[in-house]
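Below you'll find the structure, written out as structure tokens, and then a few comments.
Just so it is clear: chains get the letters A, B, ... in the order the sequence lines come, proteins before strands, and each one is counted from 1.
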2 protein chains.
Amino acid sequence: MQQRSEETRSKIISSAIKLFSTRGFNAASVDDICKDAEISKGAFYHHFESKQALFLALLDGWLQTIDNAIELSKDKTVPETFIQMTEAFPYIFATAGEGLPMFLEFWLQASRDDKIWQASIAPYRRYHKHFTSLIKKGVDEGSFVQVDPELTARMIVSMAMGLLLQSLLDPEGAKWEKTAREITTMMMNTLLRKEA
Amino acid sequence: MQQRSEETRSKIISSAIKLFSTRGFNAASVDDICKDAEISKGAFYHHFESKQALFLALLDGWLQTIDNAIELSKDKTVPETFIQMTEAFPYIFATAGEGLPMFLEFWLQASRDDKIWQASIAPYRRYHKHFTSLIKKGVDEGSFVQVDPELTARMIVSMAMGLLLQSLLDPEGAKWEKTAREITTMMMNTLLRKEA
DNA sequence: GAATAAAAACCGACTAGTCGGTTTGTTTTT
DNA sequence: AAAAACAAACCGACTAGTCGGTTTTTATTC
């Protein structure tokens, strides 16, 4: 059994999440993480070949969470999927508040490396594509009015990212979750076909 | 005359802009900037008390540019102001591509300092307030349909920030400028009152 | 099931280098 | 001559990553 090994690995990961999200990617040193996880530097570099590799491992976990959520909503109707998304708003805003800064920080410096850029842009494009076809499906199944799926997708994603970024810049500046819900309602009203 | 002194200062500033935007705030070291500006470290710290202070000075310059633009559009009608904004899209996207990464990077780590946070959030709130009252003015003068100015402002700003952020993440992923124009047209169509 | 060998996991001092900032002394301007 | 501007060596704190050696786990043999 590799019980101990797995425990060490997961201790590293949870300490990393904790410190990256509170202090940021750069400000949280490998030594800090080792200290918090109560393991040695040797153990750290036995499990991860670099600090960057550790972050990429974390990223992978998050992307899988998203993929799972998408998979689960596979056979729902499009409006149902959207409703499910709105219901996830509280969780999303909370998670983004913790996770988005470290991701942005990491990405801003790591994206200069072509390997990293490719690895992070691929899922982004994948999700965009998925979202576009979701809207197309909504139009085809008659739930939505005729819109350009591509453009609408970019619009909704922009809105979401902008809202998230603003909630990051000025958390107390507005009731972001409420604002998000209101905007969603507004958009759904113009998007949903009125059944006479 | 303090000709030479001013020249040194402006050499530092232009080198800083150049290096911060190409390499990022952290990756561009003070030594790099001095070397590029062909001045010594002593000169650097004679003009700016820290690397952070230098960045704040740059920020101040940009904020003034924005303030000037706002001032200039003071006595235009609201739709005219919006048209002026759309016309600035090419410039905005180009500038954001260079400037936004370094600003985000700086902000993500500096915002943990309360002084910095206050200094950067104040203009953000100021602009939001201005934008909200701009929309209110549009409604009042009869150009726009009845909307909640606060919510609409948040929506438009979200859209803008999301678009900018996406164009940063995946510059080649879409024709962002065109997308921005189309989305603007779409929003203006729902916002503008149809004069019979 | 004990003995043993091999492999995996782990430790922590150490390296080599970076970077923001300081200090001391010199030149230029006023 | 006084003050401002500048040059360049220097400092100290910090950090990602390495490496030789140790402990623990696993596989193998008897």
Side-chain angles (χ1 to χ4, degrees), chain A residues 1-20 22-59 102 105-113 115-116, chain B residues 1-20 22-59 102 105-113 115-116:
Chain A
M1 250 191 278
Q2 67 285 34
Q3 191 113 2
R4 181 143 167 253
S5 174
E6 270 181 28
E7 199 186 313
T8 301
R9 193 188 153 90
S10 78
K11 277 201 289 185
I12 293 174
I13 285 183
S14 57
S15 288
I17 291 177
K18 175 176 151 193
L19 295 180
F20 282 162
T22 52
R23 302 184 196 175
F25 177 75
N26 288 301
S29 73
V30 175
D31 280 309
D32 291 338
I33 294 169
C34 292
K35 206 173 169 186
D36 187 87
E38 294 172 309
I39 52 103
S40 71
K41 228 170 176 182
F44 181 98
Y45 280 98
H46 177 76
H47 285 279
F48 300 96
E49 72 172 18
S50 68
K51 192 186 182 185
Q52 185 174 289
L54 164 62
F55 190 89
L56 256 19
L58 298 184
L59 191 59
M102 68 169 145
E105 184 188 347
F106 175 83
W107 192 86
L108 282 167
Q109 67 176 61
S111 61
R112 273 155 182 113
D113 177 335
K115 277 263 167 74
I116 305 276
Chain B
M1 252 189 277
Q2 67 284 37
Q3 191 112 2
R4 179 140 169 261
S5 174
E6 270 182 29
E7 200 185 312
T8 301
R9 191 188 153 91
S10 77
K11 277 202 289 185
I12 293 175
I13 286 182
S14 57
S15 288
I17 292 176
K18 175 177 151 192
L19 295 181
F20 283 162
T22 52
R23 301 184 196 174
F25 177 74
N26 287 302
S29 72
V30 175
D31 281 305
D32 290 338
I33 293 169
C34 292
K35 207 173 168 185
D36 187 87
E38 294 171 309
I39 52 103
S40 70
K41 233 172 173 181
F44 181 98
Y45 280 97
H46 177 75
H47 286 278
F48 300 97
E49 71 173 19
S50 68
K51 191 186 183 185
Q52 197 179 73
L54 165 61
F55 191 89
L56 256 19
L58 298 184
L59 192 59
M102 68 169 145
E105 183 188 346
F106 175 83
W107 192 85
L108 282 167
Q109 68 176 62
S111 61
R112 275 157 180 111
D113 177 334
K115 277 264 168 73
I116 304 277

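The closest donor-acceptor contact from the side chain of A/Q109 to the backbone of B/A27 lies at 3.5 Å or more, if one exists at all. Side-chain N or O atoms of A/S10 include one that pairs as donor or acceptor with a backbone N or O of A/E7 at under 3.5 Å.
Atom P of nucleotide C/dC11 and atom CD of A/E38 are separated by 11 Å, given to the nearest angstrom. The interatomic distance linking A/I39 (CD1) with D/dT23 (P) rounds to 19 Å, in whole Å. Here the C1' atom of nucleotide C/dG20 and the CD atom of B/E49 are 13 Å apart, to the nearest Å. Between the CZ atom of B/R23 and the P atom of C/dT18 there is a distance of 13 Å, given to the nearest Å. In this structure, B/K11 places its NZ atom 11 Å from C1' of D/dC6, rounding to the nearest Å. Across the protein-nucleic acid pair, B/K35 atom NZ and C/dG20 atom P stand 15 Å apart, rounded to whole Å. Rounded to an integer number of Å, the gap from B/F48 CZ to C/dT22 P is 16 Å. Distance CD (A/E6) to P (C/dC10): 11 Å, rounded to an integer number of Å.
Listed by chain and residue number, A/Q52, A/A53 satisfy the side-chain contact (heavy atoms from CB on, under 4.5 Å) test with A/S50 (two or more places apart in sequence, or in another chain). B/R23 meets the salt bridge (charged side-chain N to carboxylate O under 4.0 Å, His left out) test with B/D32; sequence neighbours excluded. Remark: A/L59 pairs with A/L56, A/W62, A/L63, A/F103 by the side-chain contact (heavy atoms from CB on, under 4.5 Å) rule, at least two apart or across chains. In this view, B/K41 and B/D31 satisfy the salt bridge (charged side-chain N to carboxylate O under 4.0 Å, His left out) rule, not counting sequence neighbours. A/K35 is linked by a salt bridge (charged side-chain N to carboxylate O under 4.0 Å, His left out) to nothing, counting only residues two or more places apart in sequence or in another chain.
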Would you list the protein and nucleotides 14-16 of chain D atom pairs, both N or O, that sit under 3.5 Å from each other?
from	atom 1	to	atom 2	distance (Å)
D/dA16	OP1	A/K51	NZ	2.9
D/dA16	OP2	A/V30	N	3.0
D/dA16	N7	A/K41	NZ	3.1

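When distances are taken from the side chain of B/S5 to each of C/dA9, C/dC10, D/dC6, the shortest belongs to D/dC6.
For the pair B/H46 and D/dA5, the criterion of a side-chain N or O lying under 4.0 Å from OP1 or OP2 is met. The side chain of A/H47 contributes no N or O atom lying less than 4.0 Å from OP1 or OP2 of C/dA8.
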